[in-house]
**Q** 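The structure under discussion is supplied below as structure tokens; questions concerning it will follow.
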Amino acid sequence: MTDRQRFPLDETPLSALRIFRAVVDAEGYSAAARHMKVSVSSVSKTVSALERALGAALLFRTTRKVSVTEAGLRFYEHCLTILKEVDSVAVAQADGMRGHLRISAPPSVASELLGPGLRSFLAAHPHLKVDLFVTSALPDIVKDRIDVALVLRGWPEVKMANRLVARLSRVLCASPGYLEEKGAPATASDLLQHTCLVSLIGGKADPWVLGRGGRRTAVPIDPVLSCDNGDMLRSACVAGMGIANLYEFYARRDLVSGTLVRVLPQDQQDPVGLYAILPHREIVRSPASALLDHLESLVSEHERV
């Protein structure tokens, strides 16, 4: 294995290029030192270090004036190009509300919250584009370059950085046709005699934990359908296949229209967290932070409807 090829300016800081540019522009060390807010000796040492690294004289020095050699002029032009590129990158980075924002979200969140809500978000940030990946699974956010991975969990269950966006209520629902045919359960234990539709989270059936007051009990249901897609479960529920445990924000339109009816409304469930999993614990991109703020406001508006 050979050593990495080394180049003359490998050890040169960007500030050295700025100092050299200032010397050429000001035609003197003292004026350049004042402009860069460094000492004259620091300017002199910087120029000497550049000349040693390049193996060429860059400046002619007299007691009154500094002039540029032919090699120095070529290097000066390169400095201008490099510094312009670096500064443009810095400006673009400072104006972080541009480029692509990559998001993953479960189907229910994507269709009911992000779908309607992204229009106003993108209208407020016209230089931003969103890449949305709809999945119930948590992706490899580093490999897939995901800025925000939204998950619905009782707890984030990951060691990566996360932010609680909202706590979302769930409701048991069924179609009027199903309840007319099978009857409405009066107690949680009655669910054992009903056809149940269950969500899969990470390949495991999401338990139904119901109760009244402060007591909660897991109901050992035997689901006829288990699925990791919320759209499928809601459609099956609306079609009269059975009772489903849906997020309230997701079932609200059907509950309002009457295509779904609440089952066991007196039994309560603990809310589930909508978490944002982030690739970095301390550095969050401005678009990601703005999206999460926007999503929090969307959930609040949805809850008030």
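Numbers here simply count residues along the sequence, with the first being 1.
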**Q** So, do L150 and P106 sit near enough that their side-chain heavy atoms are less than 4.5 Å apart?
**A** yes
**Q** Can you name the closest pair of heavy atoms from L101 and P287 and give their distance?
**A** CD2-O, 3.8 Å
**Q** Tell me which pairs pass side-chain hydrogen bond (donor to acceptor under 3.5 Å, both in side chains) where either residue lies in residues 230-243, with sequence neighbours left out.
**A** E112-R234, D231-Y250
**Q** Hey, can you pull the donor-acceptor pairs under 3.5 Å for the side chains in residues 38-45, sequence neighbours left out?
**A**
from : atom 1 : to  : atom 2 : distance (Å)
S39  : OG     : S41 : OG     : 3.1
S39  : OG     : S42 : N      : 3.1

**Q** Once you round to the nearest 0.5 Å, how far does OG of S108 lie from CZ of F249?
**A** 4.0 Å
**Q** Got a salt bridge between D147 and R102, using NZ or NE/NH1/NH2 to carboxylate O under 4.0 Å?
**A** no
**Q** Kindly indicate, with the supporting measurements, whether the criterion side chain to side chain contact (heavy atoms under 4.5 Å, CB included) is fulfilled by L255 and R262.
**A** CA-CA 7 Å; L255 293 170; R262 289 177 184 261; 4.0 Å; yes
**Q** List in chain and number order the residues that pass side-chain hydrogen bond (donor to acceptor under 3.5 Å, both in side chains) with Q268, two or more places apart in sequence or in another chain; answer none if no residue qualifies.
**A** none
**Q** Is any side-chain heavy atom of L197 less than 4.5 Å from a side-chain heavy atom of M241?
**A** yes
**Q** Check the surroundings of atom CD in E77: do more than 12 heavy atoms from other residues, nucleotides or ligands lie under 6.0 Å from it?
**A** yes
**Q** Does the side chain of L128 come within less than 4.5 Å of F121's, by heavy atoms?
**A** yes
**Q** Pair D254, C173 - check side chain to side chain contact (heavy atoms under 4.5 Å, CB included), show working.
**A** CA-CA 10 Å; D254 293 308; C173 305; over 6 Å; no
**Q** What are the two closest non-hydrogen atoms of Q269 and V209, and how far apart are they?
**A** CG-O, 3.6 Å
**Q** Are I103 and I146 side-chain neighbours, meaning at least one heavy-atom pair lies under 4.5 Å?
**A** no
**Q** Run the salt bridge (charged side-chain N to carboxylate O under 4.0 Å, His left out) test against D270 and tell me which residues pass, sequence neighbours left out.
**A** R216
**Q** Looking only at heavy atoms, which two atoms of R170 and N245 are closest? And how far apart?
**A** CB-OD1, 3.7 Å
**Q** Sequence neighbours left out, what passes side chain to side chain contact (heavy atoms under 4.5 Å, CB included) with H78? Give chain and number order.
**A** none
**Q** Sequence neighbours excluded, which residues qualify as side-chain hydrogen bond (donor to acceptor under 3.5 Å, both in side chains) partners of R145?
**A** none
**Q** Can you check whether G242's main-chain N or O pairs, donor with acceptor, with T195's side chain at less than 3.5 Å?
**A** no
**Q** Give, for atom CD of Q193 and atom CG of D190, the distance between the pair rounded to the nearest 0.5 Å.
**A** 7.5 Å
**Q** Using atom types as modelled, flag every donor-acceptor pair under 3.5 Å from a side chain in residues 19-35 to any protein atom, sequence neighbours excluded.
**A**
from : atom 1 : to  : atom 2 : distance (Å)
D25  : OD1    : Y76 : OH     : 2.4
Y29  : OH     : R61 : NE     : 2.7
Y29  : OH     : R61 : NH2    : 3.3

**Q** Establish whether L200 and V224 are linked, either directly or via other cluster members, by ILVMFWY side-chain heavy-atom contacts under 4.5 Å.
**A** no
**Q** Measure from the side-chain N and O atoms of T46 to the backbone N and O of A16, and report whether any donor-acceptor pair falls under 3.5 Å.
**A** no
**Q** Output all residues satisfying side chain to side chain contact (heavy atoms under 4.5 Å, CB included) with R52, sequence neighbours left out; order by chain, then residue number.
**A** S48, A49
**Q** Is there a chain of hydrophobic side chains (I, L, V, M, F, W, Y, each step under 4.5 Å between heavy atoms) that links L59 to L17?
**A** yes
**Q** Between T259 and S175, is a side chain to side chain contact (heavy atoms under 4.5 Å, CB included) present by the stated rule, with each step listed?
**A** CA-CA 6 Å; T259 54; S175 71; over 6 Å; no
**Q** Please test R212 against D267 for side chain to side chain contact (heavy atoms under 4.5 Å, CB included), starting from the C-alpha separation and ending with a verdict.
**A** CA-CA 5 Å; R212 303 180 186 184; D267 283 276; 3.3 Å; yes
**Q** Side-chain heavy atoms nearer than 4.5 Å, only ILVMFWY residues, links allowed to pass through others: does that put V171 and L152 together?
**A** no
**Q** In the structure I gave you, are the side-chain heavy atoms of S226 and P223 within less than 4.5 Å of one another anywhere?
**A** yes
**Q** Is the shortest side-chain heavy-atom distance between L274 and L164 below 4.5 Å?
**A** no
**Q** Would you call D293 and R163 a salt bridge, using N to O less than 4.0 angstrom?
**A** yes
**Q** Apart from F60 itself, what residues make up its hydrophobic cluster when side-chain heavy atoms of I, L, V, M, F, W and Y under 4.5 Å apart count as a link, directly or indirectly?
**A** none
**Q** When you compare the side chain of L50 with that of L58, does any pair of heavy atoms fall below 4.5 Å?
**A** yes
**Q** Each residue besides L264 in its hydrophobic cluster should be listed here, by chain and number; the cluster joins Ile, Leu, Val, Met, Phe, Trp and Tyr at side-chain heavy-atom distances under 4.5 Å.
**A** L172, Y178, L179, L191, L192, V198, W208, L210, V219, I221, I243, V261, V263
**Q** Side-chain polar contacts of residues 132-140 - donor-acceptor pairs under 3.5 angstrom, sequence neighbours left out - could you list them?
**A**
from : atom 1 : to   : atom 2 : distance (Å)
T135 : OG1    : A137 : N      : 3.0
S136 : OG     : D228 : O      : 2.3
D140 : OD1    : V142 : N      : 3.3
D140 : OD1    : K143 : N      : 3.0

**Q** Assigning hydrophobic clusters by single linkage (Ile, Leu, Val, Met, Phe, Trp, Tyr; side-chain heavy-atom cutoff under 4.5 Å), is V148 placed with L114?
**A** yes
**Q** Are M232 and V109 connected in the hydrophobic side-chain network, where two residues link if heavy atoms are under 4.5 Å apart?
**A** no
**Q** If you round to the nearest 0.5 Å, how far is CG of L122 from NE2 of H127?
**A** 12.5 Å
**Q** Does H294 have any side-chain hydrogen bond (donor to acceptor under 3.5 Å, both in side chains) partners at least two apart in sequence or in another chain, and if so, which?
**A** S120
